[in-house]
Amino acid sequence: MEGFIRVSPKELNLSLTLVCGQCFRWKRRSKKDNVWFGIIFNHVFELTQNINSLKVNHGDDGDSVDSSIHWKLLNSSNNKTGKAAKRKKLSQDDISNLLSDYFQLQVPLVDYYDKWSKIDSNFNSKGCQLPGIRILRQDPIENLFSFICSSNNNIPRISMMVDSLCSTYGQQLFDDHEFGTIYNFPSISRLCEDGVESKLRSLSFGYRAKFIHQAAKTIMSNDAKNPEKWLFNLRNECYEKAHSQLMSLPGVGAKVADCVCLMSLDKHDAIPVDTHVWKIALNDYLPHLKKNKTMTDKSYKEIGNFFRSHFGPYAGWAHSVLFTADLAKFKKLLE
DNA sequence: CCTTTACCTACATC
DNA sequence: AGATGTAGGTAAA
């Protein structure tokens, strides 16, 4: 099954959104084209944003045929058991809604870019060159465990680790001619199994192996009947509650908790302060923090509060544009 | 409250 | 070549 979703490249730049470090399992088909291969919950997709729509400035021509993203659903996701097997087959509208939800298309990004550019010349210069960066609404389970892997780590290695989590403990979804067998993200219950830590250590997860296993067991202890539900339910709690609950998990500090709040729990003003954001804050916004030798709990909170008061309720989205501009692979583009 | 240190590994750099 | 530093941090002292 395939179809289109109508969205202008300024509202959603697919490539920038998928490679800016918020997710780790989207892959490009080849370097030439602009076809992306990835998984949204249990659905395997190919997504293509028309190259012309990125190169040509259509102005206010919102009806251009180029202003769309082509999607192709590669698996029928009917290999389930029990209730799920009886679920009605997905229609084109269902897929449109799924993608709309994943890309949070209800958020008027261009309006926000305009607003942020007006109040902040630093954002203005970077935002012009990095349009269409959206925060995805990810699966909280995958989001959480991916970012437990992210500590003191680099993006290529994090991607490898997430892939190996899926192929070791996930369920088979699809056989791809290029990427081979594709698995979904493991359930909490599988990550609780005996031997997970040593298995992950043998897969070169290092000290994160223990965090993953322990975090899964802690989540399981919160609600053994439906461990995933506990995490999803944080979407209904306020930011402070969700953040503190996440921080009760081993391997989850303030930064990882903010990543999960922002990227899968609908907390649009959560600000993950990592080394990049720390540097940005010192250089461009809060120079008095330069007196600190390292980031403290207090300065962490000060930076988050500053971004929230400066950019407003979608501060986390603004922050991700500035963060992306600071990533090494985008620096060249901005010089 | 702030600072330091150990923790795993792959890869870049000197 | 082998040491050193770094990559989206966390927890413990």
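By convention in this document, chain letters (A, B, ...) are assigned in the order of the sequence lines, proteins followed by strands, and residues within each chain are numbered from 1. The model shown is predicted, which means the values in this text are computed figures rather than measured ones.
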Q: Return the set of residues passing ring-ring contact (aromatic ring centres under 6.0 Å, His included) with Phe232(A) (not counting sequence neighbours), or none when no residue passes.
A: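 Checked Phe232(A) against ring-ring contact (aromatic ring centres under 6.0 Å, His included); zero matches.
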
Q: Go through the N and O atoms of the side chain of Tyr300(A) and the base of dG9(C), and report whether any donor-acceptor pair is under 3.5 Å.
A: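 Counting by modelled atom types and ignoring angles, no donor-acceptor contact under 3.5 Å is found here.
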
Q: Taking side chain to side chain donor-acceptor pair (under 3.5 Å) as the criterion, tell me which of His70(A), Gln92(A), Lys72(A) meets it with Glu2(A).
A: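 Testing each of His70(A), Gln92(A), Lys72(A) against Glu2(A), the sole residue satisfying side chain to side chain donor-acceptor pair (under 3.5 Å) is His70(A).
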
Q: Using heavy atoms to find the nearest nucleotide of DNA chain C for Phe211(A) and His319(A) separately, return the residue whose nucleotide is more 5′.
A: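 That would be His319(A).
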
Q: Considering only heavy atoms, which members of residues 245-283 of chain A lie under 4.0 Å from some atom of DNA chain B?
A: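 By residue number: none to list.
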
Q: Would you please enumerate the stems DNA chain B participates in, each stem being three or more consecutive Watson-Crick or G-U wobble pairs with both distances under 3.5 Å?
A: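 The stems are B:3-7 with C:9-13, B:9-14 with C:2-7.
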
Q: Report, one pair per line, the protein and nucleotides 9-14 of chain B atoms (nitrogen or oxygen only) whose separation is under 3.5 Å.
A:
residue : atom : partner   : partner atom : Å
dT9(B)  : O4'  : Arg157(A) : NH2          : 3.1
dT9(B)  : O2   : Arg157(A) : NH1          : 2.8

Q: Between the protein and nucleotides 3-5 of chain C, list the N/O to N/O atom pairs that are separated by less than 3.5 angstrom.
A:
none

Q: Could you note down all residue pairs passing salt bridge (charged side-chain N to carboxylate O under 4.0 Å, His left out) where residues 143-166 of chain A supplies at least one of them, sequence neighbours left out?
A: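 Pairs touching residues 143-166 of chain A that pass the test: Lys27(A)-Asp163(A).
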
Q: Provide the distance between the two P atoms, one in dG5(C) and one in dT5(B), to the nearest whole Å.
A: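 Nearest-Å result for dG5(C) against dT5(B) at atom P: 13 Å.
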
Q: Could you check whether Gln214(A) gets within reach of a base, just the sugar-phosphate, or nothing at all, counting any heavy atom under 4.0 Å?
A: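 Since no nucleic acid heavy atom lies under 4.0 Å of Gln214(A), the category is nothing.
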
Q: With rounding to whole Å, what would you report as the distance between dT10(C) and dC11(B) at their C1' atoms?
A: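 Here dT10(C) and dC11(B) have their C1' atoms 22 Å from each other.
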
Q: Going by salt bridge (charged side-chain N to carboxylate O under 4.0 Å, His left out), name the pairs with one or both residues in residues 225-238 of chain A, residues two or more places apart or in two chains.
A: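 Applying salt bridge (charged side-chain N to carboxylate O under 4.0 Å, His left out) to every pair that reaches into residues 225-238 of chain A, excluding sequence neighbours, yields Glu237(A)-Lys241(A).
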
Q: Please report, to 0.1 Å, the donor-acceptor pairs under 3.5 Å made by any side chain of residues 124-133 of chain A, with sequence neighbours excluded.
A:
residue   : atom : partner   : partner atom : Å
Ser125(A) : OG   : Asn122(A) : O            : 3.0
Lys126(A) : NZ   : Asn122(A) : OD1          : 3.1
Gln129(A) : NE2  : Ser125(A) : O            : 3.2

Q: On a whole-Å scale, what distance lies between the P atoms belonging to dA1(C) and dT9(B)?
A: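 Here dA1(C) and dT9(B) have their P atoms 24 Å from each other.
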
Q: With P as the reference atom in both, quote the distance from dT4(C) to dA6(B) in angstrom, rounded to an integer.
A: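 Pairwise P distance, dT4(C) against dA6(B), rounds to 14 Å.
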
Q: Atom CG of Leu203(A) and atom C1' of dC8(B): how far apart are they, to the nearest Å?
A: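 Between C1' of dC8(B) and CG of Leu203(A): 13 Å.
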
Q: Can you confirm whether more than 12 heavy atoms, excluding those of Lys115(A), are under 6.0 Å from its NZ atom?
A: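 Enclosed.
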
Q: With under 30° as parallel and over 60° as perpendicular, where do the rings of Trp71(A) and Phe45(A) fit, or are they tilted in between?
A: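 Perpendicular.
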
Q: Mind calculating the distance between CZ (Phe147(A)) and C1' (dT10(C)) to the nearest angstrom?
A: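 So the two atoms are 15 Å apart, to the nearest Å.
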
Q: Can you list everything that forms a side chain to side chain donor-acceptor pair (under 3.5 Å) with Tyr314(A)? Sequence neighbours excluded, please.
A: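 Listed in chain order: nothing, the list is empty.
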
Q: Taking only residues at least two apart or on different chains, which pairs with a member in residues 170-179 of chain A satisfy salt bridge (charged side-chain N to carboxylate O under 4.0 Å, His left out)?
A: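 Residue pairs passing salt bridge (charged side-chain N to carboxylate O under 4.0 Å, His left out), neighbours aside: Arg29(A)-Asp176(A), Arg29(A)-Glu178(A).
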
Q: Parallel, tilted or perpendicular for Tyr207(A) and Phe211(A), by the 30°/60° rule?
A: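 Correct class here is perpendicular.
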
Q: Could Glu142(A) and Arg25(A) be called an ion pair, given the rule that one side-chain N must be under 4.0 Å from one carboxylate O?
A: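 Between Arg25(A) and Glu142(A) there is a salt bridge, with a charged N closer than 4.0 Å to a carboxylate O.
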
Q: Could you list the residues that satisfy side chain to side chain contact (heavy atoms under 4.5 Å, CB included) with Leu282(A), not counting sequence neighbours?
A: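 Only Trp278(A), Leu289(A), Lys290(A) meet the side chain to side chain contact (heavy atoms under 4.5 Å, CB included) criterion with Leu282(A).
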
Q: Keeping to residues at least two apart or across chains, list the salt bridge (charged side-chain N to carboxylate O under 4.0 Å, His left out) pairs with something in residues 314-327 of chain A.
A: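 Sorted pair list: Lys279(A)-Asp326(A), Asp326(A)-Lys331(A).
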
Q: Can Tyr300(A) and Asp258(A) be said to form a side-chain hydrogen bond (donor to acceptor under 3.5 Å, both in side chains), step by step?
A: CA-CA 11 Å; Tyr300(A) 185 99; Asp258(A) 271 321; 2.7 Å; yes

Q: For the P atoms, the ones on dT4(B) and on dT6(C), what distance do you get once it is rounded to whole angstrom?
A: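 One P to the other, the span is 16 Å.
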
Q: Nearest to the side chain of Tyr207(A), which nucleotide is it out of dC1(B), dT4(B), dC8(B)?
A: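 Comparing dC1(B), dT4(B), dC8(B) against the side chain of Tyr207(A), the answer is dC8(B).
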
